[in-house]
Protein chains: 2
Amino acid sequence: MSRHFTSVWTREPRRPAGAAPGRSREEIVRAAVELLDAEGLDGLSMRKLGAKLMSGATSLYWYVATKDELLELAYDEVWGEIKVPDPDEAHWREVASVLAHSLRQAMLRHPWTADLIGRLPALGPHAIEVSDRMRRTFRLAGFSGWDIDFAGATLTAFIFGMTTPEIAWNTSMGDDFDPDEARAMLRRVAAQHPDLLEAADTAHYEDPRLVRAMAFDFGLVSVLDGLERRLTGHQGHQAARRPDDPIAPDPRPAGRPDRP
Amino acid sequence: MSRHFTSVWTREPRRPAGAAPGRSREEIVRAAVELLDAEGLDGLSMRKLGAKLMSGATSLYWYVATKDELLELAYDEVWGEIKVPDPDEAHWREVASVLAHSLRQAMLRHPWTADLIGRLPALGPHAIEVSDRMRRTFRLAGFSGWDIDFAGATLTAFIFGMTTPEIAWNTSMGDDFDPDEARAMLRRVAAQHPDLLEAADTAHYEDPRLVRAMAFDFGLVSVLDGLERRLTGHQGHQAARRPDDPIAPDPRPAGRPDRP
DNA sequence: ACCTGAACACCGTTCAAGT
DNA sequence: ACCTGAACACCGTTCAAGT
């Protein structure tokens with residue numbers, strides 16, 4: 001017996017999506033996004049959302065099968081905000097850079113998305129549109145076969161991975177950021193770790209948001225350079241592969257890369 | 001009035017952490033990790049955990065201030081599983097590779113960590129230990145100033161960003177993976193996107209876990225190559241920076257990078 | 001076709017009371 | 001110093017009943 005994967009995007013909507021009755025799914029999703037932006041993922045409840053729409057909480061279940069479906073819909077709205085230049089017009093590095101910054105900014109505007117990345121696959125039409133453009137971009141850049149997908153996965157991995165902890169940090173710290181408090185905290189936590197302490201001390205003198213942006217740019221250039229290297233086919237360090245890794249759940253950590 | 005950031009790691013523990021009374025915090029955390037591994041983040045409730053430990057649910061609040069604190073403690077246990085070679089012994093690429101694969105495997109073993117990355121800063125002693133070694137690694141590699149931290153952030157971003165959606169996919173699909181069903185779903189969702197459809201068709205013929213591992217290795221080599229490029233100081237494409245990006249919440253998307 | 005309220009089975013957390 | 005149970009203020013979801 002197989003547990004079937006279900007998603008808003010893989011089931012038929014209950015209504016032909018053409019008529020215009022009382023509430024609409026679009027209206028509900030828009031209200032959900034507003035609530036999520038204002039109060040975060042924990043701030044969204046079917047009861048609160050119902051109240052906001054001046055209806056019973058349970059009325060929403062006619063438009064949406066579960067709360068998770070609603071989150072999938074809201075999530076895809078954010079993907080709709082992403083700008084991706086036309087891959088047939090712009091250089092692939094330009095496309096990737098614009099996409100990266102656009103995605104980061106969208107996530108920072110909607111911090112609750114950070115909680116969804118590890119929970120919901122992005123299968124909505126807006127997300128798919130972005131994926132399609134990205135795949136086309138890397139194909140036109142000269143990648144072929146699996147490498148097209150791997151390049152795209154690497155780029156989005158970087159964007160997600162850089163922005164998600166940034167959001168975690170922002171929301172933990174709250175809007176009113178006290179640099180002295182933060183510094184003291186880092187100091188305390190990093191006690192007896194000289195390398196980290198050094199970082200904690202210098203970190204204080206800069207606007208943390210600026211530093212985050214600098215880190216993002218540094219990383220983005222690095223990732224793009226690394227991808228370009230795959231493209232131009234330079235030889236050099238290759239070995240990140242650990243032979244026992246791919247399937248075994250807990251590989252022997254003893255293996256060494258091909259080139260030390 | 002400033003909302004203060006609180007964390008298990010930044011407050012005094014209630015007990016000198018030496019005596020040995022009834023239950024211990026270690027015992028509670030261990031049980032929590034077991035419950036999380038078995039039932040996921042939603043499967044952990046204070047009531048269930050209390051039952052597992054044969055105590056009242058509310059008893060746990062003597063050892064832990066909130067459920068979030070408990071999650072911070074459990075999270076750091078996972079960081080304790082990460083292997084990082086001694087930065088003074090191994091080449092930085094070796095250290096980074098081992099760390100990357102080790103972290104990915106640990107996350108796959110404890111899928112609930114994917115939900116925490118966007119929510120909790122990793123400030124526990126095990127996470128700090130890993131950060132410290134990583135920072136030392138990149139310093140010894142030749143990075144200096146902010147670049148040390150940027151390189152580390154780039155590497156962990158890649159690992160998190162690659163593994164988190166992998167986990168989302170795994171848990172959505174369930175343990176029993178039906179390739180035909182998955183293929184049909186991708187086909188449907190990617191309709192009218194020729195580039196994506198191509199990917200969906202070829203994807204079928206491979207073990208998805210193997211492909212994920214290949215993507216990870218491809219991306220890791222790319223990231224390491226990109227970082228190495230920063231180190232050797234080759235000139236070339238630089239421009240990922242968008243001048244209006246760092247602080248403005250919604251930058252004009254019109255700006256172009258320095259080099260198109 | 002759409003909306004409602006009551007009800008079910010849960011939550012995290014507080015707190016007075018116990019030993 | 002540690003543990004308990006009752007209680008509060010919530011949850012997502014189901015379902016019979018309404019219009």
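Below, all heavy atoms of this structure are taken into account, side chains as well, without hydrogens, waters or symmetry copies. First the proteins, then the strands, lettered A, B, ... as listed; each starts at 1.
Judged by distance alone, the side chains of A:His110 and A:Glu81 do bring a donor and an acceptor atom under 3.5 Å apart.
One can place CZ of B:Arg25 at 16 Å from C1' of D:dA1, the figure rounded to the nearest angstrom. Going from atom CG of B:Leu70 over to atom P of C:dC11 covers 14 Å, rounded to whole Å. When rounded to the nearest whole Å, the span between CE of A:Met46 and C1' of D:dC10 equals 16 Å. A:Glu27 has its CD atom 14 Å from the C1' atom of C:dC2, to the nearest Å. One atom, CG of A:Asp68, and another, C1' of D:dG12, lie 10 Å apart when rounded to the nearest Å. Per the geometry, CZ belonging to B:Arg47 stands 12 Å off P belonging to D:dG5, to the nearest Å. For B:Asp42 and C:dA9, the CG to C1' distance is 15 Å, given to the nearest whole Å. For the pair B:Trp62 CH2 and D:dT4 P, the computed distance is 14 Å after rounding to whole Å.
The partner of C:dG12, taking Watson-Crick or G-U wobble pairs whose two distances both stay under 3.5 Å, is D:dC8.
Of the two residues near DNA chain C, B:Ala57 and A:Ser59, the one whose nearest nucleotide lies more 5' is A:Ser59.
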- Can you list the steps and then say if A:Trp112 with A:Ile167 is a side-chain contact (heavy atoms from CB on, under 4.5 Å)? CA-CA 9 Å; A:Trp112 44 276; A:Ile167 288 171; over 6 Å; no
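As judged by a 4.0 angstrom heavy-atom cut-off over every strand, B:Thr58 is placed among the base-contacting residues. Residue A:Leu44 is classed as a sugar-phosphate contact, given heavy-atom separations below 4.0 Å to backbone atoms only.
When each of C:dC11, D:dT13, D:dT4 is scored by its nearest atom to the side-chain atoms of B:Lys48, the top-ranked nucleotide is C:dC11. When the nucleotides D:dG12, C:dT4, C:dT13 are ranked by their closest atom to the side chain of A:Tyr61, D:dG12 comes out on top. Nearest nucleotide to the B:Thr66 side chain, out of C:dT13, D:dT4, D:dC3: C:dT13.
Taking atom C1' on both C:dA9 and D:dA9, the two are 16 Å apart, rounded to the nearest angstrom.
A distance of 6.0 Å separates CG in A:Leu44 from CG in A:Leu49, rounded to the nearest 0.5 Å. In this structure, the separation between CH2 on A:Trp62 and CZ on A:Arg25 is 10.0 Å, given to the nearest 0.5 Å.
Nearest heavy-atom pair, A:Gly219 versus A:Phe158, reported as atom, atom and distance to 0.1 Å: C-CZ, 3.4 Å.
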